[in-house]
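Right, one structure below, let's go through it.
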Amino acid sequence: MNKNYFELIRPGINTTFQDEGRKNLYHIGITFSGAMDKRNYLIANKLVGNNLNAPVVEFAYQGPLLKYTGNEINFVITGDVSFIIRSKGKEIDGNCYEVYKLKNNDEVDILSTNKSIYGYFNISGEFKLESKWNSYSINTKAKIGPNNGNKFEKNQKIFISKIFSDLNKKKIEYINTKIENIRVIKGTNFDYFSEEGKKTFFGKDFTVSKLSDRMGMRLEGPKIENIVDTNIKSEGLIKGVIQVPPDGNPIIMLSDHGSIGGYPKIGTVISADYDKLVQLSSGSKIKFKEINLSDAETLFKLYEMETQNLLSQI
Amino acid sequence: MIKNISNLGDAALYCDFGKEVNIEINTNVIKYFKNIKEKNIPEITNITPSYNKLIISFDLNKTNYSNLKKLIERIDIKNVKENPSNQINIPVCCEDKFSLDIKRLKEKSGLSEDKILEKFFNKKYFCYMTGFIAGMPFVGDLDQEIRVKRLDTPRVKVPKGAVAITEQFANIYTFESPGGWNIIGNTPLKIFDNTKEIEPNLINPGDIITFKQITIEEYKSFNE
């Protein structure tokens, strides 16, 4: 038992396990969580032959330096990530979306994500983890999930309970594209904002602030003027909702957001743009474009078809 | 009884029960919430009741706004059985080291400490919703004379167990978190039990809450 494991020589900035997320618990204040970039999460599972809903390691900006002990194992990294594999004194520059083999004492050094935030590391097999409320996602703010709800620290070990060994080495070609125009459906409090404020929101550039994390993306730019009330009676939130607090700077709710909030909702990012939105690193410029519900539904179908096509190539 | 259903983005229904916050409207919200939850509709990923709104999120791969809206509109709430609400008593210690904002409460209300505590403890409360952080209950309504606004600058860390008030509501911080409510005391009772797989939260929407003042000695020996 526990003879196969990774040791985190360097933990990375925000290294956690994530899966599809935790359903049906908003009503008691437990947020959805789950992999920020769902497409890259799904590909990370498919490439190594795991179930599509299996937990994977998510990292942000800088990933971990992992030293492997155990029997030969396949692994893959997805996203836009620079990493090195060190094996018996040799160094190989790794490619994302390509499965590699690791032997005892090999190292994977996940240097950084390139002009993006999140990347995924996965093995062909199963990590030894305990689920919490039917999910393996770690929510570090609420301390929920494996590893007592904490991100991984230096010298911690990640144990492996099962290795799938009879797999071919797979790879696909995929390039993560960037977006600057975020498509948004008007929010339930859209009329709280002045005509000038609405024009500012749909048209002016906003910059992603450093104070963004898995809970929310804070934006800086021209202030959005509220002419009704800067507070509403607290009500439910969902991923992608854009709230405008009294200071006039919008905040986009991301996967670990609080379940309820009391700031007016100016809009909601469409589901089709969510995976690309979360990858916008601090300093990125974005613009919001208005879109109606039926176009948003069509765009989601197209996005899903593209994801399914990618998965079916594997 | 839902006044209007609209869309919140492309993957959620926004059910509006009215503008006001009162027990009647909130009881309707909770009825719908319980009824929809019992149906275990597989397309639904979350149902979030609040004072006067109900947000239903769904999996856009399985359904869409107009189909789910039709399904929700067909729900006949008249047949919902009334779940008896739980009555829960919360012990609260108001020693100086716990009642961090008592001075502010005295200034804003113009009442003495004794009077504030008397008005706070001498009342039955109704749980309108739980959330924001895991298991945090929002209960009301406070006596008119002790209704004060949020702190001007929220605290970065509110201690776990803090019992706090703002406007017509009281809440309990289930774990250490940022927060801007006026802290009146602290409870040694576990309001949210992380180790429970089922029903980790002690207080649910619709429950009746009373607060009981305890001494520092009772507080210290509570979990022994």
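Below, read A as the first sequence line, B as the second, and so on, with proteins coming before strands; counting in each chain starts at 1.
Scanning both residues, B/Ile55 and A/Leu237, for their nearest heavy atoms gives CD1-N, 4.4 Å. Nearest heavy-atom pair across B/Ala12 and A/Ile238 is CB-CD1, 3.7 Å.
Residues of residues 242-259 of chain A that come within less than 4.5 angstrom of chain B, heavy atom to heavy atom, are A/Gly258, A/Ser259 in numerical order. Contacts of residues 303-314 of chain A with chain B at a heavy-atom distance below 4.5 Å involve A/Glu304, listed in sequence order. For residues 181-207 of chain B, the interface with chain A (any heavy-atom pair closer than 4.5 Å) comprises B/Phe192, B/Asn194, B/Thr195, B/Lys196, B/Glu197, B/Pro200, B/Asn201, B/Asn204, sorted by residue number.
Using a 4.5 Å heavy-atom threshold, the side chains of B/Phe33 and A/His27 count as touching. Annotation: side chain of B/Phe132 is not in contact with side chain of A/Ser234 (no heavy-atom distance under 4.5 Å). Side-chain atoms of B/Asn46 and A/Phe32, non-hydrogen and from C-beta on, do get closer than 4.5 Å to each other. Contact annotation: the side chain of A/Tyr26 never approaches that of B/Thr45 to less than 4.5 Å [non-hydrogen atoms, C-beta and beyond].
Counting heavy-atom pairs closer than 4.5 Å to chain A, the top-ranked of the candidates B/Lys53, B/Lys19, B/Glu176 is B/Lys53. Most heavy-atom pairs under 4.5 Å with chain B: of the set A/Ile270, A/Ile30, A/Thr188, A/Ile185, this distinction falls to A/Thr188. Heavy-atom pairs under 4.5 Å with chain B were tallied for A/Lys23, A/Arg22, A/Lys186, A/Lys132; the largest tally goes to A/Lys132. Here B/Leu8 is the residue among B/Asn64, B/Ile44, B/Leu8 with the most heavy-atom pairs under 4.5 Å with chain A.
B/Tyr14 and A/Glu235 share a side-chain donor-acceptor pair at under 3.5 Å.
Enclosure of atom CG in B/Asn61 by more than 12 non-hydrogen atoms of other residues, nucleotides or ligands within 6.0 angstrom is indicated. A 6.0 Å sphere centred on OH of A/Tyr263 holds no more than 12 heavy atoms belonging to other residues, nucleotides or ligands. Counted within 6.0 Å of CD on B/Glu24, heavy atoms from surrounding residues, nucleotides or ligands total 12 or fewer; the atom is thus considered open. With a 6.0 Å radius and a threshold of 12 heavy atoms from other residues, nucleotides or ligands, B/Lys157 has its NZ atom at or below the threshold. In the displayed structure, A/Lys233 atom NZ is contacted under 6.0 Å by at most 12 heavy atoms of other residues, nucleotides or ligands. For CG of A/Asn134, the number of neighbouring non-hydrogen atoms (other residues, nucleotides, ligands) closer than 6.0 Å is 12 at most.
The backbone N or O of A/Ser271 lies less than 3.5 Å from a partner atom in the side chain of B/Asp10, making a donor-acceptor pair.
Of the two parts of A/Val184, neither the backbone nor the side chain holds a non-hydrogen atom closer than 4.5 Å to a non-hydrogen atom of chain B. Contacts between A/Ile291 and chain B at a heavy-atom distance below 4.5 Å are absent for every atom of the residue. If you measure heavy-atom distances from B/Leu60 to chain A, the contacts under 4.5 Å come from both the backbone and the side chain. Both the backbone and the side chain of A/Ile260 come within contact range of chain B, with heavy atoms under 4.5 Å apart. For B/Tyr65, the parts sitting under 4.5 Å from any heavy atom of chain A are the backbone and the side chain alike.
A/Lys301 is linked by a side-chain contact (heavy atoms from CB on, under 4.5 Å) to nothing, counting only residues two or more places apart in sequence or in another chain.
Expressed to the nearest 0.5 Å, how far CE of B/Met129 lies from CD1 of A/Ile28 amounts to 15.0 Å. Taking NZ of A/Lys239 as the reference point, atom OG of B/Ser57 lies at 10.5 Å (rounded to 0.5 Å). Note that CG of A/Leu25 is 10.5 Å distant from OG1 of B/Thr48, once rounded to the nearest 0.5 Å.
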